[in-house]
Amino acid sequence: MNTRILLLFLLLMFPALSGCTGSAITRPSLSGLRSLMQDGGRVSAEDEARSQFAVANSRLAEERGDLQKAADMYREAISINPHNSDALWRLALLHIRQNEFEMATAAFENAIEVDPQNPALCADFGYHLYLAGDPERAEKYLRNAVRLTPGDKRACNNLGLVLAALGRDEESLAAFLDAGCKQAEAQSNLAIAQLLRLDSKAAAETLKTSLSLDPGNPRAISALQQLTAVEQQSFSDGVTRSGYATMD
């Protein structure tokens, strides 16, 4: 199982982390279409309109479930206006839906090159890189998202996940607090992030701290149940591999 699929599987074991609006990637709105030009150049008004029209049709194709047509039309929009950052952004998201992760990365990189100060785009690219198993690069873009929109809950939350993946638990805890968590919630979020990096020992200690602050914290209780299940499964697997017989 590759890194991205493993992370997605583990994230699905838990509801959205406390104190945030969720870790999922956002979708750019059609009303926010941009056609930022490099070096001050611009396409004609006619070409800009044609590019936007192609994006609108692409979205309709997505809604109908015709992903191949949608991808083709996003590419058409980009061929008309190579600096249409939203077309590039949406194409990246479409590649993700089709499990074309390397192509998604390339599309994100092109979108970021055109629109480097877009905080939502930076946050999406950072989260994509985290799921792709590249937390070092993910941190760069998530920190930029937070710099551009201080206190953004989703960006702070995902930065917390990335920092925990890098083993920087104190910074991770601070990011969860910046996402609007109370101390007990931030501790339970950190514990979940530690479980995601398969560090059950650290997660157990963090959960103790969380429950000491708030014994009724549902996030900590749920995470503790998951931790217990993981440890029981690991013990069972270890016994089986060691050659000891198991009782029927």
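Count residues from 1 along the sequence.
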Salt bridge or not for Lys140 and Asp134, using N-O below 4.0 Å?
no

For Ala223 versus Leu195, what's the shortest heavy-atom pair and its separation?
O-CD1, 4.0 Å

Parallel, tilted or perpendicular, judged at 30° and 60°: which one describes the rings of Phe108 and His128?
tilted

Run the numbers on Asn189 and Cys181 for side-chain contact (heavy atoms from CB on, under 4.5 Å), then give the verdict.
CA-CA 9 Å; Asn189 283 355; Cys181 294; 3.3 Å; yes

Does Arg143 pair with Glu136 as a salt bridge, N-O distance under 4.0 Å?
no

Nearest-0.5 Å distance that lies between atom CG in Asp152 and atom CG in Asn157
10.0 Å

Could you measure the distance from the CZ atom of Phe176 to the CD atom of Glu171? Nearest 0.5 Å is fine.
12.5 Å

Decide whether Leu67 and Ile78 are clustered together by the hydrophobic rule: side chain heavy atoms of Ile, Leu, Val, Met, Phe, Trp, Tyr closer than 4.5 Å, transitively.
yes

Does any part of the side chain of Phe125, heavy atoms only, come nearer than 4.5 Å to the side chain of Arg137, both counted from C-beta?
yes

Out of Glu46, Gln52, Glu48, which one pairs with Arg50 under the side-chain contact (heavy atoms from CB on, under 4.5 Å) rule?
Glu46

Judged by modelled atom types alone, do Arg147 and Gln117 share a side-chain donor-acceptor pair under 3.5 Å?
yes

Non-hydrogen atoms of Asp199 and Ala202 that approach each other most closely:
OD1-N, 3.2 Å

Is there a path of hydrophobic side-chain contacts, each under 4.5 Å between heavy atoms of I, L, V, M, F, W or Y residues, that connects Ile112 with Ile96?
yes

Answer yes or no: is there an ion pair linking Lys69 with Glu76, defined by an N-O contact shorter than 4.0 Å?
no

What about Val146 and Val162, same hydrophobic cluster or not, with Ile/Leu/Val/Met/Phe/Trp/Tyr joined at side-chain heavy-atom distances under 4.5 Å?
yes

From CA spacing to verdict: side-chain contact (heavy atoms from CB on, under 4.5 Å), Ile192, Arg219:
CA-CA 9 Å; Ile192 290 170; Arg219 298 287 302 143; 2.6 Å; yes

Could you give the distance from NZ (Lys182) to CG (Asp214), rounded to the nearest 0.5 Å?
8.0 Å

Taking Glu62 first and then Arg97, would you say they form a salt bridge - that is, a charged N and a carboxylate O separated by under 4.0 Å?
yes

Side chain proximity check, Val114 to Asn110, heavy atoms < 4.5 angstrom:
no

Check step by step if salt bridge (charged side-chain N to carboxylate O under 4.0 Å, His left out) holds for Lys208 and Glu205.
CA-CA 5 Å; Lys208 287 181 183 178; Glu205 290 301 315; 3.6 Å; yes

Between Asp115 and Asn118, do the side chains contain an N or O donor and an N or O acceptor separated by less than 3.5 Å?
yes

Less than 4.5 Å apart, any side-chain heavy atom of Arg59 and any of Met73?
no

Find out whether Leu161 and Leu196 are in side-chain contact, i.e. whether some heavy atom of one side chain is under 4.5 Å from a heavy atom of the other.
yes

What is the minimum heavy-atom distance between Arg154 and Ala123, and which atoms define it?
NH2-CB, 3.5 Å

Distance from Asn81 atom CG to Asp47 atom CG, nearest 0.5 Å?
8.0 Å

His95 and Phe101 aromatic centres sub-6.0 Å
no

Rounded distance (nearest 0.5 Å) linking atom CG of Leu166 with atom CZ of Arg197:
9.5 Å

Counting N and O atoms only, with roles assigned by atom type, does the side chain of Ser58 sit under 3.5 Å from a partner on the main chain of Ala54, one being a donor and the other an acceptor?
yes

Which atom of Pro119 lies closest to which atom of Ala145, heavy atoms considered:
O-CB, 3.4 Å

What closest approach, in Å, do Asn144 and Pro116 show between heavy atoms, and which atom pair accounts for it?
ND2-O, 3.3 Å

Do Gln68 and Asp72 have side-chain atoms, one donor and one acceptor, less than 3.5 Å apart?
yes

For Glu102, look at atom CD and say whether over 12 heavy atoms of other residues, nucleotides or ligands are found less than 6.0 Å away.
no

Considering all heavy atoms of both residues, which atom of Pro82 and which atom of Leu88 are nearest to each other, and what is their separation?
O-CD1, 3.8 Å

Heavy-atom distance under 4.5 Å between the side chains of Leu129 and Pro135, does that happen here?
no

Interatomic spacing from CG in Asn84 to OG in Ser51 - rounded to 0.5 Å
4.0 Å

Short question: side chain of Thr206, backbone of Ala191 - any donor-acceptor pair under 3.5 Å?
no

Ion pair Arg64/Asp66, N-O distance below 4.0 Å
no

Between the main-chain N or O of Ser210 and the side-chain N or O of Ser188, is there a donor-acceptor pair closer than 3.5 Å?
no

Check the side chains of Asp169 and Gln194 for a donor-acceptor pair under 3.5 angstrom, ignoring hydrogens and angles.
yes

How about Leu163 and Leu159: do any of their side-chain heavy atoms sit closer than 4.5 Å?
yes

Heavy atoms, side chains only, cut-off 4.5 Å: are Leu211 and Leu224 in contact?
yes

For residues Gln98 and Leu94, determine if any side-chain heavy atom of one lies less than 4.5 Å from a side-chain heavy atom of the other.
yes

